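To start, the structure itself, in structure tokens.
Given the structure is predicted, the values throughout are model-derived calculations rather than measurements. We count residues from 1, following the sequence as given. All ligand and atom numbering here is 1-based and tracks the order in the structure. Just so it is clear, the values below take in all heavy atoms, side chains as well, and ignore hydrogens, waters and symmetry mates.
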Amino acid sequence: MKKPRKIIIDTDPGQDDAVAILLALASPEIDVLGITAVAGNVPLELTQKNARKICELAGRPDVAVYAGASRPLLRPLVTAEYVHGKTGLDGPDLPEPQMPLRDMHAVDFIIESLLSHETEEITLCALGPLTNLALAMARAPGIVPRIREIVLMGGGCFEGGNVTPAAEFNIYVDPHAASRVFDSGVPVTMFPLDVTHKALTTRKRLEAFRALGNRAGRATAELLDFYERFDEAKYGTDGGPLHDPNVIAWLLQPEIYRGRQINVEVETASELTMGMTVADWWGVTDRPKNVFFVRDLDADAFFDLLLARIGTL
Ligand code: BDR
Ligand code: CA
């Protein structure tokens, strides 16, 4: 087997973040160097605790979890308890974590990891607002050319926004950080709403998680049962979109996705369209093609992958 791919997961769990973490920890092709928490779906106190709960659920209390930014670069924090519940992980009854939170700040961990590994050895997987990544790049610009790739969930184009008509949550919460990351020169692969809205947690798929029979399978079904209720009501679909695990699935099975290398810029000036990802899908500008924008997936293959891997935990 090839050497496992080294990643850092930057995250704001969140039920869908939790499933992404489970997928990564269940996959031998991936070496999770650490998990860095950021404020987003719920405040930092909860996201760092939730990340540890999920590591323990995966049977991996050895994974290093770090707390990072408690608020966006310039704007006040906006959270999403109306989607994720008060704890951010409403649904299953997960015990308080016993594993420690590491002492180091998440931003320092990102910087030190990149400096102490080979150039282009580490992939950054971002599942929440991009505050930690932008802070690391600002504090230590020397890390930028050392990053292999940034794979992130965020933004939207044809699908519009989910927190305002124009903006998706992760980008809206910290548009200044997102703008910095998109313009950094690091290869970015982006999973916008255009693709994640095609990955629906239908009844049948949730029953398959429940039927796995292990704790992680049952917890996944309970997490997603809670999580989908908001989007099902909003979109009138069978199930809600499962956003963040696509970032990890991409590392494992890129062939299930389709996209295009295009220019994407982030709106940071207009209040009306704040955090909008302006995606030049049709190539109508000469702006640099800075992002691989994923637009389609084989949803059955994606859920098959999740089931197979979470079933091993
Ligand atoms: C994104 O926002 C959060 O609510 C989810 O965890 C996902 O990362 C979807 O817009
Ligand atoms: Ca998230």
Results of ring-ring contact (aromatic ring centres under 6.0 Å, His included) for Phe292 - residues two or more places apart only | Trp250
Contacts of Phe169 meeting ring-ring contact (aromatic ring centres under 6.0 Å, His included) (sequence neighbours excluded), chain-then-number -> none
Checking [X] side chain against [Y] main chain: does a donor-acceptor pair fall under 3.5 Å?
{"X": "Asn132", "Y": "Val107", "answer": "no"}
{"X": "Arg218", "Y": "Gly213", "answer": "yes"}
{"X": "Asp17", "Y": "Asp12", "answer": "yes"}
{"X": "Ser179", "Y": "His176", "answer": "no"}

I'd like the atom pairs linking ligand 1 to the protein - N or O on both sides, separation under 3.5 Å - with distances to 0.1 Å.
unit_1: ligand 1; atom_1: 2 (O); unit_2: Asn170; atom_2: OD1; d: 3.4
unit_1: ligand 1; atom_1: 4 (O); unit_2: Asn41; atom_2: OD1; d: 2.7
unit_1: ligand 1; atom_1: 4 (O); unit_2: His84; atom_2: NE2; d: 2.8
unit_1: ligand 1; atom_1: 6 (O); unit_2: Asp16; atom_2: OD1; d: 2.6
unit_1: ligand 1; atom_1: 6 (O); unit_2: Asp16; atom_2: OD2; d: 3.2
unit_1: ligand 1; atom_1: 6 (O); unit_2: Asp17; atom_2: OD1; d: 2.9
unit_1: ligand 1; atom_1: 6 (O); unit_2: Asn41; atom_2: ND2; d: 3.2
unit_1: ligand 1; atom_1: 6 (O); unit_2: Asp244; atom_2: OD2; d: 3.2
unit_1: ligand 1; atom_1: 8 (O); unit_2: Leu127; atom_2: O; d: 3.0
unit_1: ligand 1; atom_1: 8 (O); unit_2: Asn170; atom_2: ND2; d: 3.0
unit_1: ligand 1; atom_1: 8 (O); unit_2: Asp244; atom_2: OD1; d: 2.7
unit_1: ligand 1; atom_1: 8 (O); unit_2: Asp244; atom_2: OD2; d: 3.0
unit_1: ligand 1; atom_1: 10 (O); unit_2: Asn162; atom_2: ND2; d: 2.8
unit_1: ligand 1; atom_1: 10 (O); unit_2: Glu168; atom_2: OE2; d: 2.4

Have a look around the Ca ion (ligand 2) and list protein N/O/S atoms under 3.0 Å, or say none.
-> Asp12 OD1, Asp17 OD1, Asp17 OD2, Leu127 O, Asp244 OD2
Nearest non-hydrogen partners of Glu56 and Gln98, listed with the distance = OE2-N, 2.7 Å
So which heavy atom on Met137 is nearest to which on Val144, and how close?
-> CG-CG2, 3.8 Å
Considering the options Val173, Asp10, Leu127, which one meets the side-chain contact (heavy atoms from CB on, under 4.5 Å) requirement together with Val38?
-> Asp10
